[in-house]
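Single-structure report; data block below.
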Amino acid sequence: MAKTPKVYVVWKGRAPGIYDNWPECLEQVDRFVGAQYKSFASLSEAKKAFSSGPSYVATKNRQTFGDPVSKIRKTIVRRISTPISPALAVDAACSGVPGPVEWQGVIFGKGKLAFRSNLYPDGTNNIGEFLAIVDGIRWLIKEKSDLPIYSDSKNAILWVKNKKCKTTMKRTAKNVSLFKLIDEAEVFLTTTKHSFAIHKWETEAWGENPADFGRK
């Protein structure tokens with residue numbers, strides 16, 4: 001017997017409302033501070049819960065997703081069969097540590113290259129991943145797009161969230177241009193407000209990041 005699809009209520013998130021699938025619900029609450037959301041067994045129950053607010057007490061058959069998003073991140077690979085599409089996927093490639101680094105953004109779902117950086121000497125993959133997300137935010141603003149961003153780098157996502165590139169790489173005569181980009185990126189993040197969703201690309205479940213350079 002087929003399972004009845006769940007209905008998801010988002011009281012507090014990027015776009016509060018009722019959603020008929022988990023990926024769309026996740027897009028509203030993932031990394032949204034103070035997100036409030038739950039799943040219900042029927043649309044009628046979800047409507048009643050949405051109008052009543054987060055304190056609504058539903059039937060015992062309800063499944064709850066009330067844990068902080070940071071906790072449910074561990075189960076995302078099991079809960080989501082496919083990533084949100086279309087989306088902007090970003091990735092970097094670096095030959096050696098340090099070594100030449102570059103990065104790019106690809107529109108997942110359309111197979112379109114959004115942007116690609118120059119090749120910079122004496123860098124690291126983490127730096128490239130950080131700058132890739134920042135360039136992704138810039139590109140979305142320029143294009144007036146609200147696509148979510150995917151990166152397979154936890155470090156880079158955290159650095160962008162904290163608006164600081166936490167690299168241990170030393171500034172040298174060879175990487176002056178790269179560090180200039182880092183400085184500009186940090187200023188940009190500090191002075192620019194945005195609400196773009198930045199998700200972790202789950203390589204284990206979905207395969208290689210669409211923006212991967214294919215050099216592994």
Side-chain angles (χ1 to χ4, degrees), residues 2-8 10 13-15 17 19-33 35 37-39 63 65 67-95 97 101-117 124-141 143 145-162 194-216:
K3 292 183 178 179
T4 303
K6 294 184 177 64
V7 183
Y8 302 87
V10 177
R14 293 181 180 85
Y19 296 86
D20 62 4
N21 64 83
W22 173 238
E24 288 188 8
C25 173
L26 178 65
E27 186 177 354
Q28 312 313 316
V29 302
D30 188 21
R31 296 190 175 86
F32 187 96
V33 178
Y37 57 102
K38 293 177 184 176
S39 68
Q63 184 174 356
F65 290 88
D67 291 336
V69 173
S70 60
K71 291 184 179 180
I72 67 165
R73 291 296 301 174
K74 297 178 181 178
T75 65
I76 284 177
V77 173
R78 291 190 295 105
R79 294 190 185 282
I80 302 179
S81 58
T82 57
I84 300 166
S85 178
L88 176 63
V90 300
D91 202 9
C94 185
S95 301
V97 183
V101 62
E102 59 185 324
W103 54 92
Q104 63 182 7
V106 172
I107 305 300
F108 171 68
K110 295 185 178 181
K112 174 186 175 183
L113 180 67
F115 62 86
R116 185 166 182 172
S117 74
T124 68
N125 194 68
N126 278 334
I127 290 175
E129 300 275 12
F130 169 77
L131 292 173
I133 297 176
V134 175
D135 278 359
I137 294 171
R138 287 191 177 114
W139 186 86
L140 290 173
I141 291 174
E143 297 296 317
S145 172
D146 60 356
L147 292 178
I149 299 174
Y150 279 101
S151 168
D152 56 19
S153 172
K154 291 181 180 179
N155 283 338
I157 293 173
L158 182 61
W159 290 358
V160 169
K161 180 179 179 181
N162 293 332
H194 74 85
S195 58
F196 300 115
I198 304 175
H199 302 296
K200 172 72 168 57
W201 180 267
E202 302 293 348
T203 304
E204 183 180 345
W206 304 329
E208 287 296 342
N209 185 328
D212 184 75
F213 283 80
R215 298 173 187 170
K216 295 181 177 65

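Across all their heavy atoms, Ser145 and Phe196 have their closest contact at O-CE2, 3.0 Å. Across all their heavy atoms, Phe115 and Ala132 have their closest contact at CZ-O, 3.6 Å. Contact between Val106 and Ala211 at its shortest, heavy atoms only, is CG2-CA, 3.9 Å. Residues His194 and Ile198 share a closest heavy-atom pair of CE1-CD1, 4.5 Å. Across all non-hydrogen atoms, the minimal contact from Pro148 to Pro86 is CD-O, 3.9 Å. Across all non-hydrogen atoms, the minimal contact from Ile149 to Ile133 is CD1-O, 4.3 Å.
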> Does the pair Glu129 and Asp152 meet the rule for a side chain to side chain contact (heavy atoms under 4.5 Å, CB included), with working shown?
Replying inline: CA-CA 8 Å; Glu129 300 275 12; Asp152 56 19; 3.3 Å; yes

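Under the rule for a ring-ring contact (aromatic ring centres under 6.0 Å, His included), Tyr19 has no partner lying at least two apart in sequence or in another chain. Taking the ring-ring contact (aromatic ring centres under 6.0 Å, His included) definition, one finds that Phe130 meets it with nothing, sequence neighbours left out.
A distance-only check finds a donor-acceptor pair linking the side chain of Tyr150 to the backbone of Ile84 [under 3.5 Å]. A distance-only check finds no donor-acceptor pair linking the side chain of Asn126 to the backbone of Ala156 [under 3.5 Å]. When atom types are taken as modelled, the side chain of Arg14 and the backbone of Asp30 share a donor-acceptor pair closer than 3.5 angstrom.
Contact annotation: the side chain of Leu131 never approaches that of Val101 to less than 4.5 Å [non-hydrogen atoms, C-beta and beyond]. Using a 4.5 Å heavy-atom threshold, the side chains of His199 and Pro83 count as separate. Side-chain contact between Gln104 and Leu113: present, with at least one pair of heavy atoms (C-beta onward) separated by less than 4.5 Å. Contact annotation: the side chain of Leu88 approaches that of Ile107 to within less than 4.5 Å [non-hydrogen atoms, C-beta and beyond].
For Asn162, the CG atom sits in a packed shell: over 12 heavy atoms of surrounding residues, nucleotides or ligands are nearer than 6.0 Å.
A distance of 13.0 Å separates NZ of Lys200 from CG of Leu158, quoted to the nearest 0.5 Å. Note that OG of Ser195 and CG of Leu140 are 10.5 Å apart. Values are rounded to the nearest 0.5 Å. Between Asn21 atom CG and Leu26 atom CG the span is 10.0 Å, to the nearest 0.5 Å.
Of the residues Asn125, Asp135, Asp91, the one that meets the side-chain hydrogen bond (donor to acceptor under 3.5 Å, both in side chains) test with Trp103 is Asp135.
In this structure, Phe108 has its ring center closer than 6.0 angstrom to the ring center of Trp201.
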